[in-house]
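Encoded as structure tokens, the structure appears first; notes follow it.
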Amino acid sequence: MRLSRFYLPVLKETPSDAQIVSHQLMLRAGMVRQQGAGIYAWLPLGFRVLKKIEQIVREEQNRAGAVEMLMPTIQPANLWRESGRYEAYGKEMLRIKDRADRDMLFGPTNEEMITEIFRAGVRSYKDLPKMLYHIQWKFRDEIRPRFGVMRGREFLMKDTYSFDVDEATARQSYNKMFVAYLRTFARMGLKSIPMRADTGPIGGDLSHEFIVLAETGESAVFCDKGLIDMDCPKKDIDFDGDLQPIIDQFTSLYAATDEIHDAAEFEKTVAANDRLAARGIEVGHIFFFGDKYSAPMKALVAGPEGRDVPVQMGSYGVGVSRLVGALIEAYHDDDGCKWPMAVAPFHAGVINLKPGDNAADKACQEIYDGLAAAGVEVLYDETRARAGEKFARMDLIGLPYQVIVGPRGLEKGEVEFKRRADGLRETMAVGKVVETIANAVKAELRYS
RNA sequence: CGGGGCGUAGCGCAGCCUGGUAGCGCAUCUGGUUUGGGACCAGAGGGUCGCAAGUUCGAAUCUUGCCGCCCCGACCA
């Protein structure tokens with residue numbers, strides 16, 4: 001992609017509205033533009049990151065055996081009257097009327113709708129289990145949106161719903177999502193820690209929040225350091241096998257957010273130098289809620305004994321748009337973003353310091369074509385901006401690798417290679433830089 | 001929703017208290033000089049001062065109402 005054709009409105013100054021670094025950088029790097037409180041337009045650069053995250057989430061859901069579908073953003077109120085939540089949900093739900101004066105709403109979640117869809121097509125326990133998911137925009141009319149996309153009113157969410165005949169099998173569905181989530185966040189370069197969450201009126205131990213550690217995280221978290229070193233399940237894991245040992249392993253050590261943190265228990269069960277008090281961002285939440293919706297909404301299946309029983313359900317959310325912010329919180333420095341390869345808007349940037357110069361243009365084109373042929377996504381800065389501005393801009397948008405091409409280096413047949421993550425810079429020949437980056441990108445995109 | 005703050009050019013801000021031709025820096029455009037880490041000189045364009053009433057000879061400035069945004073709190077992916 002040529003930068004001159006792209007739309008990348010970067011800001012030199014930090015807009016005063018933005019309080020946290022991810023919000024500031026998303027505005028400065030031209031990733032989003034605010035359209036109202038908690039409502040953002042995704043500009044091309046931000047959109048590319050969003051889509052990469054979405055795709056990783058999708059692949060790991062599919063791997064775990066969930067099936068993708070798509071439910072609408074607008075829902076009729078009657079569905080919600082069946083579950084009793086139309087009244088219960090309060091002002092957080094955005095209520096709309098259509099032209100016939102029917103009550104509608106912009107969906108804050110989809111339990112009711114998926115339950116309706118499920119009950120229309122499943123009659124017998126023999127059709128179970130099922131896991132369905134979609135990735136769709138939600139709207140929650142938060143009292144106070146803040147922190148940019150981290151806490152917007154409109155947000156992109158992946159939500160999966162599981163259907164099982166009893167709690168024992170529902171636990172297996174829960175475990176699949178548990179493992180899928182560990183893998184999903186790890187693939188983005190994020191270390192996520194499952195933490196026990198409040199299960200509300202349902203009770204039981206089947207609710208976990210997945211927390212990403214970040215110094216600027218929104219909530220205080222407490223856990224055993226041992227959790228950080230635990231290995232993520234590999235991609236060849238058998239999701240139909242027994243996942244319980246993995247869940248037991250990850251839930252064996254103390255981990256809690258400040259809301260349910262028990263200082264006494266923390267000190268009793270975790271050795272002093274294994275205690276980690278840190279800050280984190282919630283990026284996923286999984287929970288089992290049994291027949292909360294299936295009972296009132298009559299989503300029944302014939303059980304093995306021939307009697308109808310309400311299906312046992314769970315739901316599993318990932319904050320896709322929030323992850324963009326979380327990733328920046330986890331990967332940035334004073335100069336800008338530092339994207340992990342898997343979610344980078346482009347894998348590499350090529351800076352032509354002197355567009356119009358024959359040698360520079362030719363070398364850039366050669367590098368661009370070479371990288372493209374190797375499957376590397378490249379943003380080519382062939383604008384007439386000054387060198388310093390180009391460097392600052394490339395650092396700000398945070399592409400993992402940069403190639404800096406100018407007449408001075410080309411006299412010696414060299415270009416500069418720069419790695420954004422640690423600032424490593426090396427001069428090398430045109431041919432070698434293509435090979436170096438192509439290999440690095442391939443290696444960093446590989447996952448297990 | 002309670003408490004606080006702010007709306008003046010694309011961005012960051014001054015001017016408001018004490019009413020009298022709307023300013024500064026950055027960005028943009030033109031010309032020139034520069035040219036490997038956010039240049040310099042000269043010139044130019046761009047704002048019904050959030051909206052609406054009111055007070056006044058005269059309102060960005062004073063009054064009232066409304067709208068929007070941000071911060072702290074309770075709430076949440």
Side-chain angles (χ1 to χ4, degrees), chain A residues 9-20 23-24 27-28 30 33-39 53 57 89-93 107-110 135-160 181 185 192 197-198 200 207-212 218-219 257 259 280-287 315-326 335-336 351-357 360 381 383-396 402-412 414-416 418 423 425 427:
Chain A
V10 299
L11 269 33
K12 187 149 51 168
E13 292 173 280
T14 301
S16 57
D17 286 356
Q19 301 295 315
I20 60 166
H23 190 194
Q24 293 170 349
L27 294 171
R28 288 195 51 214
R33 179 158 179 85
Q34 183 169 350
Q35 299 300 322
I39 300 175
I53 293 170
V57 170
Y89 217 92
K91 299 189 78 166
E92 216 170 78
M93 176 186 281
T109 179
N110 289 74
I135 299 171
Q136 178 62 291
W137 293 92
K138 308 279 191 290
F139 194 94
R140 292 183 192 166
D141 201 353
E142 297 277 348
I143 292 167
R144 184 148 90 90
R146 62 185 126 173
F147 304 149
V149 300
M150 296 270 286
R151 179 84 182 276
R153 289 195 291 176
E154 189 183 49
F155 56 96
L156 185 62
M157 181 176 174
K158 184 285 302 176
D159 39 327
T160 305
Y181 277 28
F185 302 127
S192 70
D198 188 11
S207 179
H208 287 89
E209 290 181 0
F210 284 72
I211 302 284
V212 164
E218 39 171 4
S219 47
T257 59
E259 299 99 57
I281 300 165
E282 183 184 347
V283 290
H285 195 166
I286 61 178
F287 57 97
S315 85
Y316 315 88
V318 170
V320 176
S321 48
R322 154 176 278 209
L323 273 163
V324 180
D335 294 323
I351 294 178
N352 186 341
L353 287 173
K354 193 161 189 183
D357 176 273
D381 182 352
T383 64
R384 303 253 169 199
R386 304 180 62 77
E389 188 182 342
K390 293 186 176 207
F391 296 140
R393 179 167 55 201
M394 198 59 87
D395 286 347
L396 175 62
Q402 301 174 13
V403 185
I404 297 154
V405 180
R408 188 191 295 176
L410 287 175
E411 281 172 21
K412 292 175 282 181
E414 287 174 339
V415 297
E416 187 176 312
K418 176 174 168 181
R425 293 155 74 157
T427 55

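If you're wondering where the values come from, they're calculated on a predicted model, not measured in any experiment. A, B, ... follow the sequence lines: proteins, then strands. Residue 1 opens every chain.
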Tell me which nucleotide, if any, is Watson-Crick or G-U wobble paired with [N] when both distances must be under 3.5 Å.
N	value
B/U30	B/A42
B/G19	none
B/C24	B/G12
B/G47	none
B/C69	B/G5

Does a side-chain N or O from [X] land closer than 4.0 Å to OP1 or OP2 of [N], or not?
X	N	value
A/Gln34	B/C70	yes
A/Arg144	B/C71	yes
A/Ser16	B/C13	yes

Look at all strands and tell whether [X] reaches a base, only sugar-phosphate, or nothing, counting heavy atoms closer than 4.0 Å.
X	result
A/Thr109	nothing
A/Glu209	nothing
A/Gly406	base
A/Gly152	base
A/Arg393	nothing
A/Gly36	sugar-phosphate

Margin query: What I want to check is whether an N or O donor and acceptor connect the side chain of A/Glu389 with the base of B/G37 at under 3.5 Å.
Written below: no

Margin query: Given the structure, check if the side chain of A/Arg425 and the base of B/G37 hold any donor-acceptor pair shorter than 3.5 Å.
Written below: yes

Using atom [atom1] of each nucleotide, how far apart are [N] and [M] to the nearest Å?
N	M	atom1	result
B/C16	B/U21	P	13 Å
B/U28	B/G47	C1'	15 Å
B/A42	B/C51	P	35 Å
B/U56	B/C70	P	38 Å
B/A60	B/G23	C1'	12 Å
B/G68	B/A22	C1'	23 Å
B/C62	B/G20	P	11 Å
B/G50	B/U8	C1'	10 Å

[X] [atom1] - [N] [atom2] separation (whole Å):
X	N	atom1	atom2	value
A/Asp159	B/A77	CG	C1'	10 Å
A/Ile143	B/A74	CD1	C1'	7 Å
A/Lys12	B/G25	NZ	P	14 Å
A/Arg153	B/C76	CZ	C1'	14 Å
A/Leu27	B/C70	CG	C1'	13 Å
A/Arg28	B/G12	CZ	P	12 Å
A/Lys91	B/C1	NZ	P	5 Å
A/Arg33	B/G10	CZ	C1'	8 Å

Item checked: Contact nearer the 5' end of RNA chain B, comparing A/Arg146 with A/Ala387 -> A/Ala387

Note to self: Assuming nearest nucleotide by heavy-atom distance, tell me which of A/Phe287 and A/Arg408 is located more 5' along RNA chain B.
What the structure shows: A/Arg408

Heavy-atom pair of closest approach, residues [X] and [Y]:
X	Y	result
A/His285	A/His208	CD2-O, 3.2 Å
A/Ala197	A/Glu209	CB-CG, 3.6 Å
A/Val283	A/Ala326	CG1-CB, 4.0 Å
A/Leu27	A/Ala18	CD1-CB, 3.9 Å
A/Asp395	A/Lys418	OD1-NZ, 3.0 Å
A/Asn352	A/Ala360	OD1-CB, 3.4 Å

Among [options], find the nucleotide with the atom closest to the side chain of [X].
X	options	value
A/Arg386	B/U35, B/A77, B/G12	B/U35
A/Gln19	B/G36, B/A27, B/C70	B/C70
A/Arg140	B/G38, B/G37, B/C76	B/C76
A/Pro15	B/G73, B/G38, B/C11	B/C11
A/Ile404	B/A74, B/G36, B/G12	B/G36
A/Ala37	B/G36, B/C1, B/C69	B/C69
A/Ala392	B/C70, B/C26, B/G38	B/G38

Next item on the list: Look at atom NZ of A/Lys138 and say whether more than 12 heavy atoms of other residues, nucleotides or ligands are closer to it than 6.0 Å.
Entry: yes

Note to self: Students often mix this up, so state it plainly: with edges at 30° and 60°, are the rings of A/Tyr181 and A/Phe210 parallel, tilted or perpendicular?
What the structure shows: perpendicular

Checklist line | Inter-residue atom distance A/Lys12.NZ - A/Arg28.CZ, 0.5 Å rounding | finding: 10.0 Å

Check: Under 5.5 Å between ring centres and under 30° between planes: does that hold for A/Phe155 against the base of B/A77?
Finding: yes

